[in-house]
Amino acid sequence: MKIMVIGGGGREHAIIRSLRKNQKISEIYALPGNGGIAADAVCVDIGAKDIEAQVCFAKENGIDFAVVAPDDPLVLGAVDALEAAGIPCFGPDKKAAIIEGSKVFSKNLMKKYGIPTAAYEVFTDAETALAYVKTSPLPAVIKADGLALGKGVIIAETREDAVAAVETIMLDKKFGDSGNQIVIEEFLTGPEVSVLSFTDGKTVIPMVSSMDHKRAHDNDEGLNTGGMGTIAPNPYYTPEIARRCMDEIFRPTVAAMAQEGRPFRGCLYFGLMLTPNGPKVIEYNCRFGDPETQVVLPLMESDLLTAMQACRAGTLEETDVRFSSGSACCVVMASDGYPESYEKGYEITVDADAEAEIFVAGAKREDGKLITNGGRVLGVTAAANDLPRAISKAYAAVDKVHFGNAYYRHDIGRRALRALDT
Ligand code: AMP
Ligand code: GLY
């Protein structure tokens, strides 16, 4: 079989590594991939948003199955275009991807179907929004409606910050048209849990839970990033909470999407907060999370391609999807300065005795060398029987990866370990 994976980050590298375990797959193409992915797949210089070129490539090269990993092409309708050209795909169509593409859509869906989430108001003009934040509770959580590279959420502690946030999103259009509408919602507290799930539009099978570390610096300080590391499973996510989430959130969401005529087939990501009043949805993503995938897929024991095909075929209920009872930890090594400005162009070397999987996110290949080419450069991932061992194994391997200007957090998994102790 010939497989095509759209995307070019650490998440896509992890997906490709897992797919490669299936002997039926003869060739994997990554569009565009990156310098690290090039060791595991044939990289093709077609951008993740260039849907027309993706369709042409798939047809010309006899692609049997396509995996559309990033949010942009999903929301733009890459799956619709590929399926129309006869290429079977893993990923939601445009109608279903709106669950991530529009926060107004997802909040209204949750309200209509009684799925627990933060209380909210929607605003379509700046004047009304500005009047609202003059008296609204603080902190106020202000979210641009559309995709904003994961940066469209501002938590305003003071009234001045709230006013500035509305102005930035709605008047200055910092996130472009994504800010034509905004959601202002209640500030929730509690541990966060990411749960990725497979769904075929009817059945939902949650994968092992995980915990992201979004802030740039140790102790959850500094700016929000795309994610500086992950662990799985998430110790806050007890079997009891998992049952509640299944009954109150996962099944109702999948049923609601089907009821709306938008059956979701693919990976549905539940960003949850375990509040004192029970688990609530912070956000939905229409795709695998990054860097959650880097810890979740290494723990998957059953075949990834089979699960992906079942999501498309509507046969998930009778499909074997299994995860190991072990733990995994991914430490993201970034270029110092990320998520703001940073230098790139440094050679990456890995000592031969590094015992971890390295998923490459931002690197290119030049004269046979791997060179840093992004903010998040790579994710060093280790799996072990338990979380303490997975964390020490991952950090031991981090010490064996070298590049100029490298930066990483030293406390990935520390909060999770504390939760295990109590
Ligand atoms: P998002 O970009 O939607 O993943 O949001 C980024 C982060 O903002 C989340 O991971 C949460 O930590 C935080 N956040 C989003 N919504 C809320 C909320 N209603 N209350 C508290 N924190 C929130
Ligand atoms: N790690 C969060 C995301 O993929 O959106």
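Each ligand, and each atom within it, is numbered from 1 in the order the structure gives. All values below were derived from every heavy atom in this structure, side-chain atoms included, with hydrogens, water molecules and symmetry-related copies excluded.
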With heavy-atom distances below 4.0 Å as the criterion, list the atoms of ligand 1 near [X].
| X | result |
| --- | --- |
| Val141 | 16 (N), 17 (C), 18 (C), 19 (N), 20 (N) |
| Phe187 | 20 (N), 21 (C) |
| Glu185 | 16 (N), 17 (C), 18 (C), 19 (N) |
| Lys143 | 15 (C), 16 (N) |

Partner residues of Asp336 under the side-chain contact (heavy atoms from CB on, under 4.5 Å) criterion, sequence neighbours left out: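 Asp336 satisfies side-chain contact (heavy atoms from CB on, under 4.5 Å) with Asn405, Tyr407 only.
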Side chains of [X] and [Y], heavy atoms from C-beta outward: is any pair under 4.5 Å?
| X | Y | result |
| --- | --- | --- |
| Glu12 | Pro70 | yes |
| Glu292 | Asp212 | yes |
| Lys143 | Glu185 | yes |

Test: Lys111 cationic atom under 6.0 Å from Tyr120 six-membered ring centre, within 45° of axis: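 Yes.
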Among Arg215, Arg409, Arg414, salt bridge (charged side-chain N to carboxylate O under 4.0 Å, His left out) partner for Asp220: Arg409
side-chain contact (heavy atoms from CB on, under 4.5 Å) partner of Lys280, chosen from Ile249, Leu188, Leu272: Leu188
Minimum-distance protein heavy atom relative to atom 2 (C) of ligand 2: Tyr269 OH, 3.5 Å
Location of contacts on Arg11 toward ligand 2, heavy atoms closer than 4.0 Å: neither
Within reach of ligand 2, part of Arg287 (heavy-atom separation under 4.0 Å):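 Side chain only.
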Any N or O of Asn285 closer than 3.5 Å to N or O of ligand 2: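 N/O-N/O distance below 3.5 Å exists for this pair.
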Ring geometry between Phe288 and Phe90 (parallel below 30°, tilted from 30 to 60°, perpendicular above 60°):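 Tilted, since the angle between the ring planes falls between 30° and 60°.
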Parallel, tilted or perpendicular, as decided by the 30° and 60° cut-offs, for the rings of Phe270 and Tyr284: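 Tyr284 vs Phe270 ring planes: perpendicular.
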Ligand-side contact atoms (ligand 2) for residue partner [X], heavy atom cut-off under 4.0 Å:
| X | result |
| --- | --- |
| Asp212 | 1 (N), 2 (C) |
| Gly289 | 4 (O) |
| Glu292 | 1 (N), 2 (C), 4 (O) |

Any residue meeting ring pair (Phe, Tyr, Trp, His ring centres under 6.0 Å) with Phe264, in chain and number order, not counting sequence neighbours: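 So Phe264 forms no ring pair (Phe, Tyr, Trp, His ring centres under 6.0 Å) with any residue.
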Any Gly226 heavy atom less than 4.0 Å to ligand 2: yes
Under 3.5 Å: N/O of Glu283 near N/O of ligand 1: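 Yes; at least one N/O pair falls below 3.5 Å.
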Option nearest atom 23 (C) of ligand 1 (shortest heavy-atom distance, choices Val281, Asn224, Ile155): Ile155
Best match, Val153, Ile282, Thr117: closest heavy atom to atom 6 (C) of ligand 1: Val153
Ligand 1 versus Glu186: contacting region, heavy-atom distance under 4.0 Å: backbone
